[in-house]
Amino acid sequence: MEHSVNWAEQRGAINNPAVNQMNREELETHNIHVHSFYEATAINPTNHSVQFVNVVDGATESFNYDKLIIATGAHAFNLPIAGNDLDNVATLRHGKQHQLMATVKQANIKNIVVVGAGYIGMMVSDQLSQFGKKVTIVDINDRPLSTYLDADFTDIFNNHMREKQIAFIPNTKVESFSGNDHDQVTAVQTNHGVFDADLVVVSAGTRPNTDWIGGELTINERGYIVTDDYSKTSNKDIFAIGDSTEFLYNPTHQRMNISLASNAERQARVAVRNLFEQTKPIHGVQGSSGLQLFGELFASTGLNTLTAGRSGIDVESTYVE
């Protein structure tokens, strides 16, 4: 086997030429070859090859492998509603942060609606409020970060959001986006009213980038690549890691997607260690994470009251200050 690695990213790859150039020579000395701006389009396990298209010039190319690790991640979920293709309806995936911040700084951007009050939605709302914009958060749940923290903790956000003039609209479903004659978004239509919007940031979760795989590997009903405890897929020569897979979640003994960089790194180490012989399985995770928001520091691990209830687990909670 030739100990060479062809690394092509599924969604346009490394977008910063300076970073590319800085790392390329060092990577080449380790026989690691980076092919930027390549998107995987098909996989052929029979002849051990992956087909790619160059997103810059449209050229196609095929790379052969002895062992393959898929790390194509996930893409931001774009709400399947009218107006989702209007200008200034944005997500925060795939290197668009700089473009978004440039839009935010424009003088005509006064009203910003953030759809989703998870980690990304809340953190971007905190940052957007620092630009003196009117920020409105719309979420289908009754409080922000409800799937991560209990109400004892999320209640702390209320005073902070009032101080920053961030409006939180709970239990609300977005129905459509309205635009003007220039195809720019002007409002968000919900089941609880209409909210003016010069910019909409959609943070409504992600979907795994697995459509390109077709039927060549086992994909579960949620669209994730099925892997075993060694990160191996249904094909003995193909492994998968990251947001396109699911983890064993120890508190519920169920497999679920937990989109944390620490988990993807752990899977990567396990995959490499088990490429040729499955001897070192990955153990489940607790879903530990932390964040800094509104000047507060939060950390969580394992179940909270909401996730326990969804899993049919009865819990009692105690709050200690």
Side-chain angles (χ1 to χ4, degrees), residues 1-14 32-55 60-78 93-94 205-250 252-285 287:
M1 173 186 176
E2 179 188 2
H3 294 286
S4 175
V5 179
N6 284 309
W7 177 17
E9 293 205 297
Q10 197 265 352
R11 283 283 168 182
I14 303 168
I32 298 173
H33 309 288
V34 180
H35 300 269
S36 301
F37 306 108
Y38 276 74
E39 179 178 353
T41 57
I43 184 173
N44 190 328
T46 302
N47 64 13
H48 284 65
S49 67
V50 182
Q51 286 73 50
F52 295 87
V53 61
N54 188 307
V55 298
T60 59
E61 190 166 352
S62 177
F63 294 127
N64 289 100
Y65 65 87
D66 294 314
K67 299 289 183 177
L68 173 67
I69 299 177
I70 296 174
T72 50
H75 59 270
F77 178 60
N78 200 1
R93 302 289 287 190
H94 306 303
T206 61
R207 297 295 183 271
N209 283 325
T210 56
D211 290 345
W212 65 278
I213 293 173
E216 301 298 341
L217 299 176
T218 300
I219 308 292
N220 67 21
E221 64 277 7
R222 294 178 293 279
Y224 295 98
I225 302 171
V226 175
T227 59
D228 63 13
D229 293 339
Y230 304 94
S231 294
K232 183 165 62 68
T233 70
S234 54
N235 184 288
K236 65 182 180 63
D237 293 323
I238 302 176
F239 295 73
I241 64 173
D243 290 356
S244 60
T245 68
E246 293 184 316
F247 254 94
L248 174 63
Y249 185 47
N250 287 333
T252 62
H253 304 289
Q254 297 172 337
R255 297 191 76 87
M256 59 188 298
N257 178 252
I258 304 176
S259 299
L260 295 172
S262 56
N263 289 340
E265 180 183 5
R266 184 179 302 176
Q267 284 179 301
R269 294 178 183 275
V270 168
V272 171
R273 289 170 179 167
N274 293 283
L275 279 177
F276 303 102
E277 185 179 2
Q278 281 73 64
T279 59
K280 297 180 180 180
I282 190 169
H283 301 292
V285 300

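Any value given below was found using the heavy atoms of this structure, including those in side chains, with hydrogens, waters and symmetry copies removed.
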Tell me if a side-chain donor or acceptor on [X] pairs with a main-chain N or O of [Y] at a distance below 3.5 Å.
X	Y	value
Thr72	Asn209	yes
Thr60	Val53	no
Asn220	Val226	no
Gln278	Asn274	yes
Ser231	Val270	no
Ser234	Thr218	yes
Asn257	Glu246	no

Please find the pair of heavy atoms, one from [X] and one from [Y], that lie closest to each other, and give the distance.
X	Y	value
Ile258	Tyr249	CD1-CD1, 3.6 Å
Gly242	Ala264	CA-CB, 3.9 Å
Asp229	Arg255	OD1-NH1, 3.9 Å
Ser62	Ser49	OG-CB, 3.6 Å
His48	Asp237	NE2-OD2, 2.9 Å
Glu216	Pro45	OE1-CD, 3.3 Å

State the [atom1]-[atom2] distance between [X] and [Y], to the nearest 0.5 angstrom.
X	Y	atom1	atom2	value
His75	Asp243	NE2	CG	11.5 Å
Arg207	Tyr224	CZ	OH	7.0 Å
Ile219	Thr245	CD1	OG1	10.5 Å
Tyr230	Glu277	OH	CD	9.5 Å
Thr227	Ile238	OG1	CD1	13.0 Å
Arg266	Leu260	CZ	CG	9.5 Å

message: Go through it in stages, so that I can follow the logic: the residues are Glu39 and Trp212, the test is side chain to side chain contact (heavy atoms under 4.5 Å, CB included), and I'd like the CA-CA distance, side-chain angles, deciding distance and then a yes or no.
response: CA-CA 10 Å; Glu39 179 178 353; Trp212 65 278; over 6 Å; no

field: Evaluation steps, side chain to side chain contact (heavy atoms under 4.5 Å, CB included), between Val55 and Phe37
entry: CA-CA 6 Å; Val55 298; Phe37 306 108; 3.8 Å; yes

field: Identified side chain to side chain contact (heavy atoms under 4.5 Å, CB included) partner of Phe239 from the options Asp228, Leu68, Ile225, Ile69
entry: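 For Phe239, the side chain to side chain contact (heavy atoms under 4.5 Å, CB included) check succeeds only for Ile69.
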
Validation row, ring centre Phe63 to ring centre His35 under 6.0 Å: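 They qualify: ring centres under 6.0 Å apart.
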
- request: Answer yes or no: does atom CZ of Arg222 have more than 12 heavy-atom neighbours from other residues, nucleotides or ligands under 6.0 Å?
  value: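 Check passes, neighbour count above 12.
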
message: Run the side chain to side chain contact (heavy atoms under 4.5 Å, CB included) test on Thr206 and Phe77 for me, step by step, so that the C-alpha distance in whole Å, both residues' side-chain angles and the decisive distance to 0.1 Å come before the verdict.
response: CA-CA 5 Å; Thr206 61; Phe77 178 60; 5.8 Å; no

query: Given Thr233 and Asn235, is the side-chain hydrogen bond (donor to acceptor under 3.5 Å, both in side chains) satisfied, shown in steps?
result: CA-CA 5 Å; Thr233 70; Asn235 184 288; 5.5 Å; no

- prompt: Does the side chain of Ile70 reach to within under 4.5 Å of the side chain of Leu217, using non-hydrogen atoms?
  reply: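 A side-chain contact exists here, since the closest heavy-atom pair is under 4.5 Å.
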
